[in-house]
Number of protein chains: 2
Amino acid sequence: MQNLRNIDKQSLLSQDLGELLTEAIVQGVIPQGSKISEPELARRYGVSRGPLREAMLKLEGIGLVERIPHVGARVVELNCQQLLDIYTIREPLEGMACRLAAERLTQRQLNELHDLLEHHQQYLDDNHGEAYFDQQGDFDFHYRIIKATGNQRLVTLLCDELYHLLRMYRSTSARQHARPKRALQEHWAIWQALNDRDGELAEILMRRHISRARKVIEQLSSPDS
Amino acid sequence: MQNLRNIDKQSLLSQDLGELLTEAIVQGVIPQGSKISEPELARRYGVSRGPLREAMLKLEGIGLVERIPHVGARVVELNCQQLLDIYTIREPLEGMACRLAAERLTQRQLNELHDLLEHHQQYLDDNHGEAYFDQQGDFDFHYRIIKATGNQRLVTLLCDELYHLLRMYRSTSARQHARPKRALQEHWAIWQALNDRDGELAEILMRRHISRARKVIEQLSSPDS
DNA sequence: CTTCAAGTGATTGTCGACAATCTAAAGGTA
DNA sequence: TACCTTTAGATTGTCGACAATCACTTGAAG
């Protein structure tokens, strides 16, 4: 496990550690709510506590861990309310991203999006229950639209921060993406609007897409309706 | 300057340093684009490089400095495009915040908002050109609405991250808040909608409020219109 | 004069160690 | 038994030092 010492170019130990720990947390290898012991992790990865602490700082910034002074760091426990909060933020932001993307996506990017959806479609039609690719394809679609806005800060905010938490939730929650086919249909509709350069419609469709997903979570959290 | 060693309770050196440096950068004491030397700052504040590096990591997370491996950290240079990007993000987010706040603000909070605006109004009427308080009051208004949503992640995102950059811009750019009275009028209109529990209108007004401010910046960046 | 190479100085990244603080077990008292 | 104090252990926060890398000067060749 401790083959970290990358002879590679200028890769920083703290940076590599950050990515490694992010994956470990997101995929549930380090479970939610578990305490993170600096000496233990440092031994496990064969590094000093310095770079590890710096990596933890980064994870705290993303919101994957919570640190309490003189006590230590724990992996966050993502309850339903926090997840709903994330969707509340995503809805207007990604809606806006769609509107901008409708203006700025190149024809080549639109074609690539089309291929992505077809690829995704085929996977679902073949009835691979493989949640991994489904999730990958789902996120990829959203990522590309967000990046197409050209708003670097928006990209960082959504892709580098919030989406880690979503991936974590989907990895650790037993039920994975309750409605993959319906979601893909909605992606197709969004793509159509983008391809028509209809930003207004694309925004509405994306907002509904996220809003529907949010409602599914809402019902899970309060099944007394 | 180096009276950092707080005998206070459990204040972390890295944490205090982070807040201190944030203020220094936001207020322009450390100018935009300037290089940040770890040994120099460490000497100046009488601390080791460890906590200082951790503070820098935090600042990088906020977006106040940029770090390049093996080279060092620089204070970001906020060009107009990046500022526009921030407003692009704020518009839908704070609009949404207003809609939620219209439902969740208590009467007491609404009254406090009212007092805040009256206080602000008086300052402007007395023709204090004091940009500082104007800015303070402006931000306060937005802060309170955002916090009223109860969405902690939204609060962190806007108040703890994006708003530092705005404060930095207003402190360092010569022209400060070109239209304080007009902006206050818009705040009053928003308050009115909030007080009427008209979330839909409050959202629209807030979006326009931010959109107008964005247009002012847009014209500054490209005066050839 | 320009351009490239080597060398020097400073800065960054990483490490191990020590002090301050917290956690938990042991023991004593009501 | 319940509760508080003490104490031992471990963990976190901070420090100073060393190795790796970069920036800049010096010098030489074309």
Side-chain angles (χ1 to χ4, degrees), chain A residues 1-22 24-25 30-31 33-62 64-77, chain B residues 1-22 24-25 30-31 33-62 64-77:
Chain A
M1 180 68 91
Q2 59 267 47
N3 51 351
L4 254 203
R5 276 305 178 314
N6 233 332
I7 314 104
D8 222 9
K9 43 202 171 186
Q10 51 198 36
S11 68
L12 294 201
L13 218 40
S14 57
Q15 210 162 305
D16 296 346
L17 265 175
E19 296 170 12
L20 227 137
L21 289 176
T22 298
I25 291 176
I30 306 177
S34 64
K35 180 156 187 343
I36 293 183
S37 163
E38 291 180 6
E40 182 191 332
L41 271 190
R43 270 197 309 276
R44 169 145 43 170
Y45 292 114
V47 298
S48 168
R49 276 178 54 222
L52 189 131
R53 280 177 66 85
E54 298 194 355
M56 297 299 302
L57 262 282
K58 197 143 193 164
L59 293 201
E60 187 188 19
I62 296 177
L64 286 178
V65 304
E66 288 170 344
R67 285 165 27 109
I68 302 177
H70 296 287
V71 174
R74 308 191 81 89
V75 180
V76 295
E77 280 189 273
Chain B
M1 181 69 94
Q2 58 265 48
N3 51 350
L4 254 201
R5 277 304 180 313
N6 232 333
I7 314 103
D8 223 9
K9 43 202 171 184
Q10 50 201 33
S11 68
L12 294 200
L13 219 38
S14 57
Q15 211 162 302
D16 295 347
L17 265 176
E19 295 170 13
L20 226 136
L21 289 176
T22 298
I25 291 176
I30 305 178
S34 64
K35 179 151 187 346
I36 293 183
S37 162
E38 291 181 6
E40 182 191 331
L41 270 191
R43 270 197 309 275
R44 169 144 42 169
Y45 291 114
V47 298
S48 167
R49 277 179 53 223
L52 189 130
R53 281 176 65 85
E54 298 195 355
M56 297 300 302
L57 262 283
K58 197 142 194 167
L59 293 201
E60 187 189 19
I62 297 177
L64 286 178
V65 305
E66 289 169 343
R67 285 166 27 111
I68 302 176
H70 295 288
V71 173
R74 308 191 82 88
V75 180
V76 294
E77 281 189 272

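The basis for the numbers below is simple: all heavy atoms, side chains too, and nothing from hydrogens, waters or symmetry mates. A, B, ... follow the sequence lines: proteins, then strands. Residue 1 opens every chain.
- We find that CZ of A:Arg67 is positioned 15 Å from P of C:dC22, with the value rounded to whole Å.
- The salt bridge (charged side-chain N to carboxylate O under 4.0 Å, His left out) analysis of residues 65-77 of chain B, with sequence neighbours excluded, yields the pairs B:Glu60-B:Arg67.
- Using a 4.0 Å cut-off between charged nitrogen and carboxylate oxygen, B:Lys58 and B:Glu54 do not count as a salt-bridge pair.
- Atom CD of A:Glu40 is separated from atom C1' of D:dT11 by 12 Å (rounded to the nearest Å).
- For the helix from C:dC1-D:dG30 to C:dA30-D:dT1, the angle separating the two terminal helix axes comes to 20°, with each axis derived from five pairs and the value rounded to 10°.
- What you find for A:Pro51 and A:Leu17 is that their closest heavy atoms are C-CD1, 4.1 Å.
- Taking atom NZ of residue A:Lys58 and atom C1' of nucleotide C:dG13, one finds them 15 Å apart after rounding to whole Å.
- At whole-Å resolution of the value, CG in B:Leu13 and P in C:dT21 are 13 Å apart.
- Distance, B:Leu52 CG to D:dT14 P: 11 Å, rounded to whole Å.
- Checking A:Leu20, A:Val75, A:Ile62 one by one against A:Ile25, the side chain to side chain contact (heavy atoms under 4.5 Å, CB included) holds for a single residue, A:Val75.
- Across all non-hydrogen atoms, the minimal contact from B:Ala42 to B:Arg49 is CB-CG, 4.1 Å.
- For the pair B:Ser14 and B:Ala55, the tightest heavy-atom approach, listed with the atom from each and the gap, is O-CB, 3.6 Å.
- Contact between B:Met56 and B:Ile36 at its shortest, heavy atoms only, is CE-CD1, 3.7 Å.
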Just the table, please: protein N/O against nucleotides 9-12 of chain C N/O, every pair under 3.5 Å.
from: C:dT12; atom 1: OP1; to: B:Lys35; atom 2: NZ; distance (Å): 3.2
from: C:dT12; atom 1: OP1; to: B:Ile36; atom 2: O; distance (Å): 3.4
from: C:dT12; atom 1: OP2; to: B:Glu38; atom 2: N; distance (Å): 3.3

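- Remark: side-chain polar atoms of A:Ser34 are not paired, donor with acceptor, to backbone N or O of A:Ile30 under 3.5 angstrom.
- Atom P of nucleotide C:dA20 and atom CD of B:Gln15 are separated by 20 Å, given to the nearest angstrom.
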